[in-house]
Amino acid sequence: MAKDNILVGLEIGTSKVCVVVGESKPDGPIKILGVGQAPSCGIRKGEIVDFENVHKCVREAIADAEDKSDVTIKSVFAGVTGSHIQSFNNRGCVNLPEDREEIDMDDCEDVAISARDVSIPQQNAFLHTILQHYYVDGQEGVLNPVSMLGRMLEADFHIIHGVGNRIRNTVRCVKELGIEVEDVVFNGYASAQAILSQQQKDIGAMVIDIGGGTTDYVVYIDGAVKQSGVLAIGGDHITNDISMGLRIPMAKSERLKIEEGDATLGNALPGETIFLKDETGFAGRDVERETLNTIIHFRLREVFELLKRSMDGEPYLPMLGAGIVITGGCSMMRGIGPLAQDVFGIPASVARSKATSGLIAAAENPQFSTAIGLLRYGQAAYANRPQKEGIKEFLGKLFGKR
Ligand SMILES: Nc1ncnc2c1ncn2[C@@H]1O[C@H](COP(=O)(O)OP(=O)(O)OP(=O)(O)O)[C@@H](O)[C@H]1O
Ligand SMILES: [Mg+2]
């Protein structure tokens, strides 16, 4: 983090590139100074498919953010997603040498390395090794083992990894603009930092960020991340379904979805229609409201059912005291909360990022949850490891210990 405490979050999303510039006060709220945006091109299902075009969009969004915030951007925390992102839980173990009985910081790092000592696909790189719980000589509930006496340190971790080159492409795209990447962060994990309070994490919550091309999710139980992942389905699939199902051009379908759509079945009056005006290349006509809502309902139901199925065999669902929390652009769809509640059988709500100072309006847009969460991630990373440079952490992730 620069001396002036500036943090920048960058999400290269399927629908938009978003850059949030914030000012971090130690242990205080982040003040949002400006938000830059550009429509995305060259991204499919959260992944870069046309490097040159993505590069242009990122440049545009960065320039917009610099303009709005009056800050020259030197480095960013960058979000990544895509169906290549995978995760698992594992326990690490370290035995202290005979001549030492006090646990130190290096042991904490070694226990994380030990947890990563599993085979992942050759082309993959570790993205996150997120601490769940420590154990000292079998004692549970240890919050911070440093300076404690013990012979054996163990710890459970949630480990997230993905295809190294796909992650590096995001980094290269930013670096070619002369901007450093301080760290790369899974989008779902970033969004969770923006919308969940510590209390919600403690009593259990599942965050679902539904964007244009992906649905990213993270499950917190007892304050720790237990599960995370990506579905390559998002709001653009709904638009596509409307376009195909009702034979309407994509741009018109997108507008119809946003302005008139509702995920609730049976909400329309019998025979109720929406009139679509004629425009060049499109003869105006009526669309049945219930048909539109049915298309939206079934695509979103599919997303929630797939997520629920991913929790099959895990005991987590009844442990989510704070329920399901939905964010991302698609969370603005009418009726989405009750639909999620119906599928999961537990309370579900729609959320945007928690109050920050500065441009409060930015925090109110759920499309910015990932980028704002990246600022929170950055603030916490610096608070926890003030003596380290972020970029070194990041390089370690991608090129160092696998
Ligand atoms: N008011 C609204 N109602 C319903 N859907 C909306 C609304 N506003 C935006 N969306 C949808 O939200 C999606 C974009 O969300 P978002 O900006 O979070 O995606 P993204 O971050 O660019 O993509 P991803 O994270 O999937 O790579 C689009 O599919 C868009 O149609
Ligand atoms: Mg997104």
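Read the numbers this way: they start at 1 and go in the same order the structure lists the ligands and their atoms. Numbers for residues simply follow the sequence, beginning at 1. The structure displayed is predicted, hence computed values, not measured ones.
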N-O pairing of K56 and E60 below 4.0 Å: no

T214-K45 side chain donor-acceptor pair, cut-off 3.5 Å: no

Under 3.5 Å: N/O of G46 near N/O of ligand 1: no

Numbered atoms and elements of ligand 1 in range of D236, under 4.0 angstrom, heavy atoms: 28 (C), 29 (O)

Sub-3.5 Å N/O-N/O distance, K16 and ligand 1: yes

Around the Mg ion (ligand 2), number of protein N/O/S atoms which are nearer than 2.8 Å: 1

Shortest reach to atom 2 (C) of ligand 1 by a heavy atom, considering only M332, H237, Q37: M332

G234 to ligand 1, any heavy atom closer than 4.0 Å: no

Check: Q193/K201 side-chain N/O donor and acceptor closer than 3.5 Å: yes

Whether T327 side chain and A351 backbone form a donor-acceptor pair below 3.5 Å: yes

Pair N5, S24: side-chain N/O donor-acceptor within cut-off below 3.5 Å: no

For atom 26 (O) of ligand 1, the option (of I43, I258, T214, V230) bearing the nearest heavy atom: T214

Shortest protein heavy-atom distance from atom 19 (O) of ligand 1, along with the residue and atom involved: G212 N, 3.0 Å

Check against ring-ring contact (aromatic ring centres under 6.0 Å, His included), F88 and H158: CA-CA 6 Å; F88 61 92; H158 183 72; 8.0 Å; no

Aromatic ring proximity, centroids under 6.0 angstrom, F157 and H128: no

Which residue and heavy atom of the protein sit nearest atom 17 (O) of ligand 1, plus the separation: Q367 NE2, 2.6 Å

Modelled atom types, side-chain donor and acceptor of N293 and D262, under 3.5 Å: no

Contact (N/O only, under 3.5 Å) between K257 and ligand 1: yes

Main-chain N/O of D209 paired with S191 side-chain donor or acceptor, under 3.5 Å: no

Polar contact flag, side-chain donor to acceptor under 3.5 angstrom, D156-Y135: yes

For E254, the ligand 1 atoms whose distance to one of its heavy atoms is below 4.0 Å: 30 (C), 31 (O)

Option whose closest heavy atom lies nearest to atom 15 (O) of ligand 1, chosen from P366, S331, G329, S40: G329

Heavy atom of the protein closest to atom 27 (O) of ligand 1 (residue, atom name, distance): T14 OG1, 2.6 Å

Any N or O of S15 closer than 3.5 Å to N or O of ligand 1: yes

Polar side chain donor-acceptor pair, E182 to S75, under 3.5 angstrom: yes

Y220 and Y189 aromatic ring geometry - parallel, tilted or perpendicular at 30°/60° bounds: parallel

Check: I12 N/O within less than 3.5 Å of ligand 1 N/O: no

Contact atoms of ligand 1, heavy-atom distance to E11 under 4.0 Å: 21 (O), 25 (O)

Donor-acceptor pair between H297 and T264 side chains, under 3.5 angstrom: no

